Amino acid sequence: MSASTDYPSFLTPKVANENQSHDAAIVVFVLGGPGSGKGTQCQKIVEHFGFTHLGAGDLLQAEIDSGSENGAMIENFKKEGKIVPSEITVRLLQQAMQQSENKKFIIDGFPRNEENRAAFENIVGIEPEFVLFFECPEEVLTKRILNRNQGRVDDNVHTIPKRLKVYFEQTLPVIDHYSSKGKVQKVDAHRSVDEVFEGVKSIFCRLTK
Ligand SMILES: Nc1ncnc2c1ncn2[C@@H]1O[C@H](COP(=O)(O)OP(=O)(O)OP(=O)(O)O)[C@@H](O)[C@H]1O
Ligand SMILES: Nc1ccn([C@H]2C[C@H](O)[C@@H](COP(=O)(O)O)O2)c(=O)n1
Ligand SMILES: [Mg+2]
């Protein structure tokens with residue numbers, strides 16, 4: 001799969017159920033622990049497969065930066081490693097999807113908990129095509145985050161354990177949910193960026209058959 005115009009067949013818009021029209025969006029959720037490489041790999045997926053990348057955390061950060069009325073509350077949740085109320089995050093995702101001319105989205109860092117998942121289902125009404133899951137040991141996650149150096153308010157020894165706790169207690173059950181529906185595509189993320197992307201590519205290519 002080389003050019004971004006060379007889309008695999010599963011990306012062709014289709015009618016998933018009676019509530020979805022022919023031009024319904026295609027959604028892939030991207031999950032994994034904090035620092036597992038979701039954002040890094042999403043950039044590469046965009047380049048190779050022509051998706052639009054929507055980072056839930058990035059959209060929330062943009063709300064903070066814009067000085068919106070919810071900004072201070074969102075920043076507090078982020079500092080404490082907590083999940084922002086789903087209605088806010090889902091509305092931001094929905095707006096970004098509606099404003100995009102693309103209909104193929106990788107949604108990174110979402111759904112982080114059961115409330116996120118239910119809100120997306122109720123408000124947006126689209127089931128993910130599949131869920132890409134980056135699996136990585138906890139100690140590697142911590143090292144990567146502490147080395148990230150991007151000035152994030154949550155990349156510190158106070159917040160990292162809280163983020164990991166939320167991941168294990170709230171996000172893994174969401175992954176289990178999709179796993180029980182046969183929708184999870186797991187990738188070993190404890191390898192180099194290029195090796196991880198080889199795994200990602202093979203998943204996209206396999207799903208075209
Ligand atoms: N395969 C890899 N090997 C080593 N370092 C990596 C790898 N993938 C990403 N990194 C680095 O690890 C850090 C975290 O990566 P990234 O920001 O992509 O993770 P993330 O899953 O989006 O994290 P978060 O959930 O906190 O947003 C970055 O500094 C990135 O450059
Ligand atoms: N579905 C989401 C995604 C993110 N957040 C908040 C809490 C996270 O710690 C922070 C950063 O997200 P990341 O960039 O690590 O994906 O944003 C949330 O509340 N709900
Ligand atoms: Mg990220």
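Side chains are part of it too, since the values below use all heavy atoms of this structure and drop only hydrogens, waters and symmetry mates. In listed order, ligands and their atoms are each counted from 1. Only a predicted model underlies this, so the values are computations on that prediction, with no experimental measurement involved.
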Enquirer: Does ligand 2 have any N/O atom under 3.5 Å from a protein N/O, and what are those pairs and their distances?
Expert:
residue, atom, partner, partner atom, Å
ligand 2, 1 (N), Gly109, O, 3.1
ligand 2, 1 (N), Asn116, OD1, 3.0
ligand 2, 12 (O), Arg112, NH2, 3.3
ligand 2, 14 (O), Arg152, NH1, 3.1
ligand 2, 14 (O), Arg152, NH2, 3.3
ligand 2, 15 (O), Arg112, NH2, 3.1
ligand 2, 15 (O), Arg152, NH2, 3.0
ligand 2, 16 (O), Arg112, NH1, 3.0
ligand 2, 16 (O), Arg112, NH2, 3.2
ligand 2, 19 (O), Val84, N, 2.6

Enquirer: Salt bridge check, Lys201 against Asp194: does any charged N sit closer than 4.0 Å to a carboxylate O?
Expert: no
Enquirer: Kindly say whether Arg112 contributes a backbone atom to a donor-acceptor pair with the side chain of Thr171 at under 3.5 angstrom?
Expert: yes
Enquirer: So, is Gly39 polar-close to ligand 1, with some N/O to N/O distance under 3.5 Å?
Expert: yes
Enquirer: Around atom 9 (C) of ligand 1, find the nearest protein heavy atom and jot down its residue, atom name and distance.
Expert: Thr40 OG1, 3.4 Å
Enquirer: With a 4.0 Å cut-off on heavy atoms, is Glu195 touching ligand 1?
Expert: no
Enquirer: Who gets closest to atom 10 (N) of ligand 1 by heavy atom: Lys38, Lys143, Arg144?
Expert: Arg144
Enquirer: Strictly under 4.0 Å, does any heavy atom of Arg163 approach an atom of ligand 1?
Expert: yes
Enquirer: Tell me, please: is Gly32 in heavy-atom contact with ligand 1, that is, under 4.0 Å?
Expert: no
Enquirer: Measure the distances from the heavy atoms of Ser36 to every atom of ligand 1 and state whether one is below 4.0 angstrom.
Expert: yes
Enquirer: If you measure from each heavy atom of Ser192 to ligand 1, is any distance below 4.0 Å?
Expert: yes
Enquirer: Could an N or O of ligand 1 be found under 3.5 Å from any N or O of Gly37, whether backbone or side chain?
Expert: yes
Enquirer: Hey, does the side chain of His48 reach the backbone of Lys44 with a donor-acceptor pair shorter than 3.5 angstrom?
Expert: yes
Enquirer: Looking only at protein heavy atoms, which one is nearest to atom 27 (O) of ligand 1, and how far off is it?
Expert: Arg152 NH1, 3.1 Å
Enquirer: Apply side-chain hydrogen bond (donor to acceptor under 3.5 Å, both in side chains) to residues Asn76 and Glu80 and explain how you reach the verdict.
Expert: CA-CA 6 Å; Asn76 278 331; Glu80 290 307 315; over 6 Å; no
Enquirer: State if Arg191 counts as touching ligand 1 under the rule of any non-hydrogen atom under 4.0 Å.
Expert: yes
Enquirer: Are the aromatic rings of Phe133 and Tyr178 close, with centres under 6.0 Å apart?
Expert: no
Enquirer: For the side chain of Lys104 and the backbone of Ala25, is there at least one donor-acceptor N/O pair under 3.5 Å apart?
Expert: no
Enquirer: Quick test: of every protein heavy atom, which one is nearest to atom 23 (O) of ligand 1, and how far off is it to 0.1 Å?
Expert: Gly35 N, 2.9 Å
Enquirer: Could I get the full list of salt bridge (Lys or Arg N to Asp or Glu O under 4.0 Å) partners for Asp176, not counting sequence neighbours?
Expert: none
Enquirer: Could you establish whether Asn147 and ligand 1 come within less than 4.0 Å of each other, counting only heavy atoms on the residue side?
Expert: no
Enquirer: Using a strict threshold of under 4.0 Å (side-chain N to carboxylate O), is an ion pair present between Lys78 and Glu75?
Expert: no
Enquirer: Check for me whether the distance between the ring centres of Phe130 and Phe204 falls short of 6.0 Å.
Expert: yes
Enquirer: Do NZ/NE/NH1/NH2 and the carboxylate oxygens of Asp154 and Lys79 come within less than 4.0 Å?
Expert: no
Enquirer: Check Lys181 with Glu127, please: is the shortest side-chain N to carboxylate O separation under 4.0 Å?
Expert: yes
Enquirer: Starting from atom 17 (O) of ligand 1, what is the nearest protein heavy atom, named by residue and atom, and what distance separates them?
Expert: Arg148 NH1, 2.8 Å
Enquirer: Regarding ligand 1, does Arg112 bring an N or O atom to under 3.5 Å of one of the ligand's N or O atoms?
Expert: no
Enquirer: According to salt bridge (Lys or Arg N to Asp or Glu O under 4.0 Å), who are the partners of Lys165, at least two apart in sequence or on a separate chain?
Expert: Glu169
Enquirer: Output every pair passing side chain to side chain donor-acceptor pair (under 3.5 Å) with a member in residues 133-144, not counting sequence neighbours, ordered by first then second residue.
Expert: none
